[in-house]
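Everything on this sheet refers to the single structure shown next.
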Amino acid sequence: ECDFLINCAAFTQVDACESHPKEAEALNAIGPGYLAEFCRNHNIKMIHFSTEYVFDGTKNTPYEENDRPNPINVYGHSKLAGENTLLSTLKEAYILRIQWLYGKKRNNFVSFIEQSGSHPITCITDQMGSPSSTTDLANIVEPFLHLNPPFGVYHLGNSGYVSWYDFSLEICAQLGKNTAHITPVTSDKLNRLAKRPLNSTLNISKFIHHTKITPPHWKEALRNYIVNSS
């Protein structure tokens, strides 16, 4: 017997989703529907993690929960379908749209920069978002469950926004690494299967309003991650 089901399962490899759309649909769209049906039948509340990729990234300000989704890749389409299936099946559900995750025991952007040494790498200047620590999000979600906020969609992440390039510079600064090997580049110069939204910034004020919890700034979160990983 349980009160909540937290769904962390997803096909999150954005480029791989382009070449494996059926697998993306199964994990990101169909799977949440089965879980929602189970929760409905057993009187269980559900938390489901989604993504900023449900938006096209053309808005000039951070996206709010009631902005119209318009995904531009298979991953975004499959995640939006999962949101819609979940909400149409289960009333007692929370959808938390999160982004730019990094955490322990998994390869991520921070570990990529750390392990790059002096090898030349490129980082994107024209995509903006909120680097978010999985530790911070886990610590925030637990009290969120007990506060019983209204069901529905919430945006969540560490506070503040930055580009991938400037994020890489801050990682190096906190690690005491030289940045000469990092070259700034715009996203149109990269040949990737999936198109990414340029504006990935999410407005998290709804979450803060209902919980009175303000997530740490992304620089503070990065500092804590590096200290605890060393």
Side-chain angles (χ1 to χ4, degrees), residues 4-40 44-59 62-90 93-112 123-124 126-134 137-138 141 151-157 164 187-202:
F4 293 95
L5 186 152
I6 302 177
N7 178 31
C8 300
F11 188 173
T12 60
Q13 296 177 352
V14 180
D15 288 325
C17 286
E18 294 292 316
S19 52
H20 298 85
K22 291 184 178 180
E23 290 85 345
E25 180 184 14
L27 281 170
N28 298 338
I30 299 174
Y34 288 135
L35 294 176
E37 186 175 352
F38 174 86
C39 288
R40 184 187 62 194
I44 298 172
K45 301 172 185 177
M46 181 173 169
I47 285 189
H48 174 72
F49 292 101
S50 191
T51 173
E52 85 281 11
Y53 277 43
V54 299
F55 299 114
D56 58 20
T58 60
K59 188 181 178 183
Y63 281 95
E64 300 178 10
E65 287 83 355
N66 58 359
D67 284 326
R68 185 178 67 87
N70 185 34
I72 56 176
N73 54 43
V74 171
Y75 174 64
H77 277 285
S78 66
K79 292 296 289 184
L80 179 60
E83 288 188 11
N84 293 335
T85 300
L86 171 57
L87 292 176
S88 65
T89 305
L90 182 66
Y94 298 105
I95 292 175
L96 303 181
R97 291 176 179 152
I98 56 178
Q99 61 172 282
W100 291 27
L101 299 181
Y102 62 91
K104 296 180 180 179
K105 298 182 180 179
R106 181 175 180 179
N107 292 331
N108 57 69
F109 186 76
V110 179
S111 62
F112 168 71
C123 288
I124 299 170
D126 58 351
Q127 290 180 18
M128 299 292 295
S130 299
S132 297
S133 161
T134 55
L137 297 192
V141 168
F151 296 111
V153 179
Y154 292 82
H155 290 170
L156 179 59
W164 285 113
S187 54
D188 60 349
K189 299 295 191 295
L190 300 181
N191 185 24
R192 298 191 293 186
L193 287 176
K195 187 177 180 181
R196 269 76 165 173
L198 296 183
N199 176 21
S200 288
T201 60
L202 298 176

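Values below: every heavy atom of this structure, side chains too, minus hydrogens, waters and symmetry copies.
Ring geometry for W100 against W164 counts as parallel: the plane angle stays under 30°, on a 0 to 90° scale with 60° as the upper cut.
Screening residues 22-36 for salt bridge (Lys or Arg N to Asp or Glu O under 4.0 Å), with sequence neighbours left out, gives no hits. Applying the salt bridge (Lys or Arg N to Asp or Glu O under 4.0 Å) rule to pairs touching residues 71-83 yields E83-R97, sequence neighbours excluded.
Summarising the geometry, atom CG belonging to L198 is positioned 9.5 Å from atom CG belonging to D56; distances are rounded to the nearest 0.5 Å. Interatomic distance, CG of L137 versus CG of L156, reported as 5.0 Å (0.5 Å rounding). With values rounded to the nearest 0.5 angstrom, E65 atom CD is found 10.0 Å from L96 atom CG. With values rounded to the nearest 0.5 angstrom, Q99 atom CD is found 5.5 Å from S132 atom OG. Atom CG in L190 sits 8.5 Å away from atom CD in Q127 (nearest 0.5 Å). One finds the OG1 atom of T89 at 11.0 Å from the OH atom of Y34 (value rounded to the nearest 0.5 Å).
For the pair E18 (side chain) and N73 (backbone), a donor-acceptor distance under 3.5 Å is absent. Panel note: side chain N108, backbone G103; a donor-acceptor pair is recorded below 3.5 Å.
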Go through the steps for D126 and R196 under the test salt bridge (charged side-chain N to carboxylate O under 4.0 Å, His left out), then give the verdict. CA-CA 10 Å; D126 58 351; R196 269 76 165 173; over 6 Å; no
Going through the distances and angles, do T85 and E37 end up as a side-chain contact (heavy atoms from CB on, under 4.5 Å)? CA-CA 10 Å; T85 300; E37 186 175 352; over 6 Å; no
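Partners of K59 according to the salt bridge (charged side-chain N to carboxylate O under 4.0 Å, His left out) rule, which considers only residues two or more places apart in sequence or in another chain, are D67. Under the side chain to side chain contact (heavy atoms under 4.5 Å, CB included) criterion, A24 pairs with F11, C17, N28, V74, S78, sequence neighbours left out. S133 is linked by a side chain to side chain contact (heavy atoms under 4.5 Å, CB included) to Y102, T135, D136, N158, A221, counting only residues two or more places apart in sequence or in another chain. Scanning for side chain to side chain contact (heavy atoms under 4.5 Å, CB included) contacts around L35 gives L5, N7, M46, with sequence neighbours left out.
Considering all non-hydrogen atoms of both residues, V14 and A194 come closest at CG1-CB, 3.5 Å. Between P71 and G76, the shortest heavy-atom distance links the atoms CB-C, 3.4 Å. When every heavy atom of P62 is checked against every heavy atom of T201, the shortest pair comes out as CA-OG1, 3.2 Å. Here the shortest heavy-atom pairing between C39 and L90 reads CB-CD2, 3.8 Å.
Between T12 and T51 the shortest side-chain heavy-atom distance does not fall below 4.5 Å. Within the 4.5 Å cutoff, the side chain of H77 has no heavy atoms near those of the Y53 side chain. Side-chain contact between Y63 and N199 is present, with at least one heavy-atom pair separated by less than 4.5 Å. Within the 4.5 Å cutoff, side-chain heavy atoms of F49 are placed close to those of C8.
Within 6.0 Å of atom NZ in K195, 12 or fewer heavy atoms from other residues, nucleotides or ligands are found, so the atom counts as exposed in its surroundings. In this structure, E64 places its CD atom where more than 12 heavy-atom neighbours from other residues, nucleotides or ligands lie under 6.0 Å away.
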